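Some notes on the structure that comes next.
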Amino acid sequence: MKLKQFSFLLLAGMLAQAAWGATQEYHFANGLKLIVKEDHRAPVVVSQIWYRAGSMDEFNGTTGVAHVLEHMMFKGTKKIPAGQFSKRIAAAGGKENAFTNRDYTAYFQQLQADRLPLAFELESDRMEHLNLTDAEFAKEINVVMEERRMRTEDKPQALVYEQLMATAFQQNPYRRPVIGWMNDLTQMTGEDARTWYKRWYAPNNAVMVVVGDVKPDAVFKLAQKYYGKAKAHILPLRKPQEELAQNGIRRVTVKAPAKLPFLIMGYHAPTLRDPVKDWEPLALEVLAGVLDGNDSARLNQALVRERQIASQVGGGFDAIARGPGMFMLEGTPSEGKSVSELEAALREQVEKVKTDGVTEEELNRVKAQVVAAQVYQRDSMFYQAMLIGEFEMVGIGYKAVDQRLKGLQQVTAEQVQTVARKYLTDGNLTVAVLDPQPLENKAPRKLMPGVRHDN
Amino acid sequence: MIIKLMRFLVALSGACTILTAYAALPIQHWVAPSGAQVYFVENHDLPMLDLSVDFAAGSSRDVPAKAGLAGIVRHMLELGAGGISETEISKRMADVGAELGGHFDLDRAGLSLRTLSNAREREAALAIMTAVLQQPDFPDSVLQREKTRAIAGLKEAETQPDFIAGNAFSKALYGTHPYALPEEGEVGTLEVLTRNDVADFYRTHYTSNGATVGLIGDVTRAEAEAIAQRLTERLPKGDNPAAISTVPLPTQAVTNEIAHPATQSHILIGYPGIKREDADYFPLLVGNYVLGGGGFDSRLTRDVRDKRGLAYSVYSYFMPFKEAGPFELGLQTKKEQTGEALQVVRKTLRDFIERGPTEAELKQAKNNIIGGFPLRIDSNKKILEYLSLIGFYQLPLDYLERYPRSVARVTLAQVREAFKRRIDPDKMVTVVVGGPEVAK
């Protein structure tokens with residue numbers, strides 16, 4: 001057993017070197033940071049720009065504006081009219097899109113490697129010269145509301161998650177949904193989006209990540225050409241808005257059209273701040289692996305396979321975030337079982353870890369998966385770029401990608417038990433439940449041959 | 001004239017780039033002694049191995065009274081094999097960081113494996129995979145439990161508008177053709193499945209001569225040969241899979257409206273589309289990019305989303321199968337504007353079928369598909385999917401090399417003619433789940 005663990009550690013160390021040895025970091029006078037990782041396996045490149053401006057930076061009344069602005073970024077500049085950004089990338093054989101999260105907003109292009117200049121030309125232009133008109137805004141805000149209906153309003157489990165966050169967090173901005181509250185979307189104006197753009201879109205609030213079949217110094221020169229002259233802004237002070245200790249269990253119920261109930265339990269827990277010294281967030285990640293890292297891990301084995309109290313269970317913890325963390329357990333009770341029976345069974349699993357700890361076998365299994373994942377992630381340039389970008393946004397830097405993996409290898413069974421005892425407590429817990437409502441029992445209309453609705 | 005010639009050159013130069021990229025991807029093909037077809041790409045860049053084994057055992061192999069059986073069989077493979085319990089199977093895979101996955105659609109069912117290529121990890125993972133494929137135990141207690149779970153999942157899904165729409169669409173489009181059978185089965189058909197049904201289906205569909213093995217990664221040709229043989233030598237022997245019947249074309253338009261309390265209507269419009277081997281494959285593929293396959297670059301997105309803000313997602317696609325897979329156009333929109341959205345998409349579709357793309361749109365579509373080709377094969381995971389596809393559908397070994405050239409050759413006349421001949425806008429299937437009262 002000892003020997004096995006040693007070989008894992010060795011392997012991890014070797015891979016780390018090979019995987020990240022070719023990563024270069026550049027700093028521009030205007031505050032922009034560029035990170036380039038060479039990967040010559042295919043003649044392609046992924047280019048991403050990350051702005052440290054996510055829904056956690058929003059204010060009440062304009063929730064969702066970070067994401068709305070992401071949509072507006074495709075609506076043209078003085079030089080590049082609306083729609084032309086996408087057209088030109090598509091003409092070059094590229095794929096492009098963007099994503100907004102609590103912590104950041106990011107934009108990306110994937111292209112043949114020699115077409116990288118086009119991505120830089122277009123992306124640098126909209127960093128400073130977005131032409132955000134009220135006319136375009138008025139149309140696009142409807143698209144965003146449709147997006148909210150599709151992702152949240154009509155998805156019972158998404159509504160439960162939204163309510164869990166809104167209940168568990170009261171001071172911290174993580175309580176607000178990334179897509180925004182519907183009422184704020186209906187009241188939003190073009191000016192709200194312009195204000196957001198002016199506040200956060202600047203080179204000193206951005207990190208560029210390029211992964212692919214490129215030479216770092218050439219990418220740096222290219223970036224200098226396109227981004228070198230962008231002007232830095234004075235960025236507003238970000239206030240921590242730390243969540244007070246919860247001191248007592250919280251419960252919330254959501255009614256929505258569905259057949260089966262559903263349950264999420266969220267425990268406040270710390271995220272990674274110092275990638276060298278912090279071990280608690282890593283021990284929580286390992287704990288999540290012990291509970292739900294494979295089909296025979298504790299939750300599925302005990303609750304779905306053996307006791308058959310749940311038709312589905314899960315658990316997870318994300319240690320990488322600008323804000324506070326939440327250790328989650330979730331599940332759907334089997335027919336005839338209630339959410340409270342499922343909650344009791346999940347808590348029982350938590351208590352077992354607190355009382356009896358975890359085995360060396362379980363620990364080694366999680367670590368073996370970490371080692372393998374480290375190799376597998378290199379199969380995707382996009383995913384490698386994602387990791388670099390996320391770690392940069394959180395403020396711990398891309399080198400922490402490696403440090404985290406090393407840290408995970410060093411987590412002990414005792415540490416896993418310690419964090420379970422410290423954080424998975426009732427005082428720290430919020431429980432959100434879906435109370436399924438029957439659909440109106442209208443019989444579906446029969447197929448109607450010949451019925452047409454043109455005009 | 002000069003402009004036309006230039007366009008041609010652009011398309012060609014795109015194709016040339018791809019050919020260079022493709023040269024680094026030689027596919028080796030052989031038939032294993034077991035009878036399995038094997039497709040292999042040797043690549044030592046990363047210390048890992050990806051492989052898949054596929055069979056003609058998808059949902060179209062079900063019979064209506066036992067719909068869902070094919071899916072249950074594929075799922076049950078991993079839940080006990082060669083005397084190794086389901087618990088041990090997932091533990092042993094996790095112990096070496098290996099990932100067991102799978103694939104299931106109308107035509108195909110299969111298993112995939114991702115493992116480190118290091119001898120210790122690879123051997124442990126392959127030992128499990130070998131048992132799972134060739135000696136599944138199908139324990140009765142596990143089957144009963146999984147049936148109960150599948151039924152619960154189905155009852156839940158049947159309350160959700162996207163699932164309701166998808167099922168109603170398949171039924172209306174395919175009628176009594178096996179492509180109408182729901183992949184997840186139905187509550188009633190799942191309830192009656194027995195262990196004998198499962199074992200019989202396995203014996204007749206998971207045969208060695210019907211198996212397609214794809215491998216890419218850090219092993220030699222000799223190792224790949226041994227692995228492919230080991231994974232298939234003890235599979236059941238049997239006949240080649242029977243042909244799937246031709247999909248009949250609709251004789252009249254069909255509209256199915258289903259009430260639902262959701263805030264949005266889910267709209268699907270479609271028609272039987274193309275086969276994997278189909279003379280119209282490339283004209284329809286390139287044409288559909290312009291209609292609704294090109295994302296932000298498509299007419300549907302322009303008309304429905306950009307101009308009117310009616311939907312977040314609107315698309316059209318051809319999903320080719322052994323026989324005609326669906327041509328499907330879809331969107332979700334606020335219930336109150338269902339009628340308006342329907343009108344817009346129908347007009348866009350009709351205009352496109354009548355007049356086809358413009359010269360500029362065709363050029364844009366070709367540039368994107370050809371220029372984007374290297375992105376389709378930039379990882380082992382993506383290449384494995386192509387190996388499985390080429391093998392299962394018996395496509396030519398140089399399919400990937402031909403692909404950009406075939407796209408480059410498509411003409412405006414071909415696109416127009418193919419859409420007109422293949423899609424009849426007067427006989428479409430339409431499904432609206434949500435607000436039927438406003439669909440009129």
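The figures here come from the full heavy-atom set of this structure, side chains too, leaving out hydrogens, waters and symmetry mates. Source: prediction; values computed, not measured.
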Is A:Arg151 close to B:Tyr312 at the side-chain level, that is, under 4.5 Å between some pair of heavy atoms?
yes
Most contacts with chain B, counted as non-hydrogen pairs under 4.5 angstrom, among A:Val144, A:Ile141, A:Val44, A:Asp39
A:Val44
Applying a strict 4.5 Å limit to non-hydrogen atoms, the region of A:Arg305 in contact with chain B is both
Part of B:Lys427 lying under 4.5 Å from any heavy atom of chain A:
neither
With only heavy atoms counted, which part of A:Tyr376 is less than 4.5 Å from chain B, the side chain, the backbone, both or neither?
both
Most heavy-atom pairs under 4.5 angstrom with chain A, which of B:Gln264, B:Gln364, B:Gln332, B:Glu99?
B:Gln264
Taking every heavy-atom pair that is under 4.5 Å apart, which of B:Val142, B:Thr148, B:Thr115, B:Ile164 has the most such pairs with chain A?
B:Thr115
Quick one: sort the A:Tyr107 and A:Phe74 rings into parallel, tilted or perpendicular, breaks at 30° and 60°.
tilted
Whatever's closer than 4.5 Å to a heavy atom in chain B on A:Gln110 counts as both
Against chain B, work out which of A:Ser311, A:Ala310, A:Ala42 has the most heavy-atom pairs shorter than 4.5 Å and name it.
A:Ser311
Please report whether the ring centroid of A:Phe85 lies less than 6.0 Å from that of B:Phe296.
no
Assess the side chains of B:Asp218 and B:Ser117: does a donor N or O sit below 3.5 Å from an acceptor N or O?
yes
Turns out that what part of B:Ala311 lies under 4.5 Å from chain A's heavy atoms comes down to backbone
Which atoms of B:Leu310 approach chain A - backbone, side chain, both or neither, heavy atom under 4.5 Å:
backbone
Highest number of heavy-atom pairs under 4.5 Å with chain A among B:Ala157, B:Pro250, B:Gly97 belongs to B:Gly97
As an exercise: rank B:Met428, B:Glu78, B:His266, B:Glu86 by heavy-atom pairs under 4.5 Å with chain A and give me the winner.
B:Glu86
Between A:Arg41 and B:Asn43, do the side chains contain an N or O donor and an N or O acceptor separated by less than 3.5 Å?
no
Contact class of A:His40 relative to chain B, heavy atoms under 4.5 angstrom:
neither
Any side-chain heavy-atom pair from A:Asp292 and A:Val313 closer than 4.5 angstrom?
no
With a 4.5 Å cut-off on heavy-atom pairs, point out which of A:Ala91, A:Ala82, A:Gly83, A:Ser86 contacts chain B the most.
A:Ala91
With chain A, the option among B:Gln160, B:Glu146, B:Lys381 that has the most non-hydrogen atom pairs under 4.5 Å is B:Gln160
Would you call B:Leu342 and B:Val432 a side-chain contact if the rule is heavy atoms closer than 4.5 Å?
yes
Using a 4.5 angstrom heavy-atom cutoff, name the option from B:Asp297, B:Asp45, B:Leu46, B:Asp378 with the most pairs to chain A.
B:Leu46
Heavy-atom pairs under 4.5 Å with chain B, option from A:Ala256, A:Ala373, A:Pro156, A:Ser334 with the top count
A:Pro156
Contact winner vs chain B - A:Ala90, A:Pro257, A:Ala372, heavy-atom pairs under 4.5 Å
A:Ala90
Could you tell me whether the side chains of A:Thr359 and A:Glu362 share a donor-acceptor contact shorter than 3.5 Å?
yes
Where does A:Asn294 contact chain B at under 4.5 Å (heavy atoms): side chain, backbone, both or neither?
side chain
State, to 0.1 Å, how close B:His260 and B:Lys335 come at their nearest heavy-atom pair, and which atoms those are.
O-NZ, 2.5 Å
Tell me, for B:Asp162 versus chain A, whether the close heavy atoms (under 4.5 Å) come from the side chain, the backbone, both or neither.
side chain
So for A:Glu147, is it side chain, backbone, both, or neither that comes closer than 4.5 Å to the heavy atoms of chain B?
both
Given a strict heavy-atom distance threshold of 4.5 Å, which part of A:Asn97 is in contact with chain B: side chain, backbone, both, or neither?
side chain
